[in-house]
Novice: 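There's a structure below that I have some questions on.
None of these values were measured; they are calculated from a predicted model. If you read the sequence from its start, that first residue is 1, and numbering goes on from there. What you see below is based on every heavy atom in this structure, not just the backbone, and it leaves out hydrogens, waters and symmetry mates.
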Amino acid sequence: MTIGLFVPCFIDAFYPKVGIATLELLERLGCDVAYPFDQTCCGQPMVNAGCHPESAATQQLFVDNFAKYDVIVAPSGSCIHQIRDNLTAIEQTPEVVHVREQSYELVEYLHDVLGVREFPWARFPHRVGYHDSCNTLRNLGHGQPSELAGGYFSKPRTLLETVAGIELVSPARPDECCGFGGTFSVTEPEVSGRMGYDKITDHGAAGAEYIVSADTSCLMHQQGCAKRIGAPVQFKHIAEILNGDAA
């Protein structure tokens, strides 16, 4: 089985270490990974802005790049949600259906498909607050959201709990939105910023030294909020910790 590694455009531009950590982690676990060099955006920004028909060419290019792989894996829940649920501006050919059905966010691929439950090379001796992004929690099923009845579970926490030295701490409102929301942070900057400040403060009250997430877009928003209010918290993508990044 060959994995097509999808590194979203904002990760490639601003957080390339996350893409590298994802590749290295998958290869550590024995996966055959390929990176198509002609890949670009999945079309999410246009769809979020209501420009769905205008995203057709971008969506088709994505399919052209990834249809030949058995599965597609990306370190971004919002992008995988876009591919699975919103890749509909183009004809639903067998290639498009394959790409939509075989695309996975990194945590769910590790947890659900590979069944990984140990990362013996990983050690992270810090207090970590985990941020469940709205997309990964409610659209990809990373865990049990508080508004639904049912037993508690958390796929990313299950993986992080195996890392040596890590101490997971919980904010008072663990699955509240951080305020990023894609284009929401542009159209409603004051509300978005206040939500981000509240999220940072909540994690700080729980004693978090690091805020960790599977969605770099949320981390990018919170990192900016933390800088503006002078909060000392630091940020990591979960791929970096599972791959053995210690600080």
Novice: Kindly write out the residues that satisfy side-chain contact (heavy atoms from CB on, under 4.5 Å) with Ala89, not counting sequence neighbours, or none if the list is empty.
Specialist: His52, Ser55, Ala56, Gln59
Novice: Backbone N or O of Gly181 within a donor-acceptor pair of the Ser185 side chain at under 3.5 Å?
Specialist: no
Novice: Nearest 0.5 angstrom please: Ile90 CD1 to Leu61 CG, how far?
Specialist: 10.0 Å
Novice: Can you tell which of Ser217, Cys218, Cys178 makes a side chain to side chain contact (heavy atoms under 4.5 Å, CB included) with Ser133?
Specialist: Cys218
Novice: With no hydrogens and no angle check, is any side-chain donor or acceptor of Trp121 less than 3.5 Å from a backbone partner on Arg28?
Specialist: no
Novice: Under 4.5 Å between any side-chain heavy atoms of Asp70 and Gln102, yes or no?
Specialist: no
Novice: Could you please spell out the steps behind the salt bridge (charged side-chain N to carboxylate O under 4.0 Å, His left out) verdict for Arg84 and Glu108?
Specialist: CA-CA 14 Å; Arg84 283 189 191 164; Glu108 64 175 358; 2.2 Å; yes
Novice: Would you kindly confirm whether Leu114 and Ile241 end up in one hydrophobic cluster when ILVMFWY residues are joined by side chain heavy atoms under 4.5 Å apart?
Specialist: yes
Novice: Could you check whether any side-chain N or O of Glu27 sits under 3.5 Å from a backbone N or O of Cys31, counting only pairs where one atom can act as donor and the other as acceptor?
Specialist: no
Novice: Keeping Ser154 on the side-chain end and Arg157 on the backbone end, is there a donor-acceptor pair under 3.5 Å?
Specialist: yes
Novice: Applying side chain to side chain donor-acceptor pair (under 3.5 Å), can you list everything that pairs with Glu209, at least two apart in sequence or on another chain?
Specialist: none
Novice: Search all heavy atoms of His203 against all heavy atoms of Pro171 and return the closest pair with its distance.
Specialist: CE1-CG, 3.6 Å
Novice: Is a donor on one side and an acceptor on the other found under 3.5 Å between the side chain of Asn65 and the backbone of Asp38?
Specialist: yes
Novice: Report yes if some heavy atom in the side chain of Asp112 is under 4.5 Å from a heavy atom in the side chain of Val107; otherwise report no.
Specialist: no
Novice: Does Gln39 use its side chain to pair, donor to acceptor, with the backbone of Pro36 at less than 3.5 Å?
Specialist: yes
Novice: Spell out, as yes or no, whether a donor-acceptor pair under 3.5 Å connects the side chain of His142 to the backbone of Ala214.
Specialist: no
Novice: How close do Gln44 and Cys41 get, heavy atom to heavy atom, and via which atoms?
Specialist: N-SG, 4.2 Å
Novice: So how far is it from Lys155 NZ to Thr136 OG1, rounded to the nearest 0.5 Å?
Specialist: 10.5 Å
Novice: For the pair Ser213 (side chain) and His131 (backbone), establish whether a donor and an acceptor sit closer than 3.5 Å, ignoring hydrogens and angles.
Specialist: yes
Novice: What are the two closest heavy atoms between Ile83 and Arg100, and how far apart are they?
Specialist: O-CG, 3.3 Å
Novice: So if you build clusters from Ile, Leu, Val, Met, Phe, Trp, Tyr with side-chain heavy-atom gaps below 4.5 Å, do Val33 and Phe66 land together?
Specialist: no
Novice: Let's go through Thr40 and Phe62 carefully: what are the C-alpha distance in whole Å and the side-chain angles of both, what is the deciding distance for side-chain contact (heavy atoms from CB on, under 4.5 Å) to 0.1 Å, and is it a yes or a no?
Specialist: CA-CA 7 Å; Thr40 59; Phe62 186 89; over 6 Å; no
Novice: May I have the step-by-step check of side-chain contact (heavy atoms from CB on, under 4.5 Å) for Met46 and Thr58, ending in yes or no?
Specialist: CA-CA 9 Å; Met46 285 180 281; Thr58 303; 3.2 Å; yes
Novice: With side-chain contact (heavy atoms from CB on, under 4.5 Å) as the criterion, how do Asp215 and Ser76 come out once you've worked through the C-alpha distance, each side chain's angles and the decisive distance to 0.1 Å?
Specialist: CA-CA 5 Å; Asp215 254 315; Ser76 172; 3.4 Å; yes
Novice: In terms of relative ring orientation, are Phe180 and His221 parallel, tilted or perpendicular, with 30° and 60° separating the classes?
Specialist: tilted
Novice: Verify the cluster assignment for Ile229 and Val191: are they in a single hydrophobic cluster under the rule of side-chain heavy atoms below 4.5 Å apart?
Specialist: no
Novice: If you define the side chain from C-beta out and look only at heavy atoms, does anything of Tyr109 sit under 4.5 Å from Val71?
Specialist: yes
Novice: Centres of the Tyr35 and Phe6 rings: under 6.0 Å?
Specialist: no
Novice: Can you tell me if CD on Gln92 sees more than 12 non-hydrogen neighbours from other groups inside 6.0 Å?
Specialist: yes
Novice: From Gln144 CD over to Tyr152 OH, what is the distance, rounded to the nearest 0.5 angstrom?
Specialist: 10.5 Å
Novice: For residues 174-196, pull every pair meeting salt bridge (Lys or Arg N to Asp or Glu O under 4.0 Å), keeping only residues two or more places apart or in separate chains.
Specialist: Arg138-Asp175, Arg173-Glu176, Arg194-Asp198
Novice: Would you mind listing every ring-ring contact (aromatic ring centres under 6.0 Å, His included) that reaches into residues 9-32, with sequence neighbours excluded?
Specialist: none
Novice: Can you see which heavy atom on Ile166 is nearest to which on Leu160, and at what distance?
Specialist: CG2-O, 3.3 Å
Novice: When rounded to the nearest 0.5 angstrom, what is the spacing between CG in Asn139 and CD in Glu105?
Specialist: 12.0 Å
Novice: Looking at Glu24 and Ala21, would you say the former's side chain and the latter's main chain have a donor-acceptor pair under 3.5 Å?
Specialist: no
Novice: Can you tell me if Gln222 uses its side chain to pair, donor with acceptor, with the backbone of Ile200 under 3.5 Å?
Specialist: no
Novice: List in chain and number order the residues that pass side chain to side chain donor-acceptor pair (under 3.5 Å) with Thr93, two or more places apart in sequence or in another chain; answer none if no residue qualifies.
Specialist: Glu95
Novice: Evaluate the side-chain proximity of Glu167 to Val128: yes if any heavy-atom separation is below 4.5 Å, no if none is.
Specialist: no
Novice: Look at atom CD of Glu147 and say whether more than 12 heavy atoms of other residues, nucleotides or ligands are closer to it than 6.0 Å.
Specialist: yes
Novice: Once rounded to the nearest 0.5 Å, what's the spacing between atom CG of Leu26 and atom CG of Asp32?
Specialist: 10.5 Å
Novice: Which heavy-atom pair separates Ile80 from Ala74 by the least distance, and what is that distance?
Specialist: CD1-CB, 3.9 Å
Novice: Applying the 4.5 Å side-chain criterion to the ILVMFWY set and letting contacts propagate, would Phe119 and Val73 be lumped into a single cluster?
Specialist: yes
Novice: Using the side-chain contact (heavy atoms from CB on, under 4.5 Å) criterion, which residues pair with Ala34? Sequence neighbours excluded.
Specialist: Thr2, Tyr69
Novice: Please walk me through it: do Val47 and Leu87 pass side-chain contact (heavy atoms from CB on, under 4.5 Å)?
Specialist: CA-CA 9 Å; Val47 172; Leu87 211 70; over 6 Å; no
Novice: Are Val212 and Met220 joined in one hydrophobic group, where the rule is that I, L, V, M, F, W and Y side chains link up if heavy atoms are under 4.5 Å apart?
Specialist: yes
Novice: So, for Ile211 and Leu219, which heavy atoms are closest and what is the spacing to 0.1 Å?
Specialist: O-CD2, 3.7 Å
Novice: State the CG-CD distance between Leu159 and Glu118, to the nearest 0.5 angstrom.
Specialist: 12.0 Å
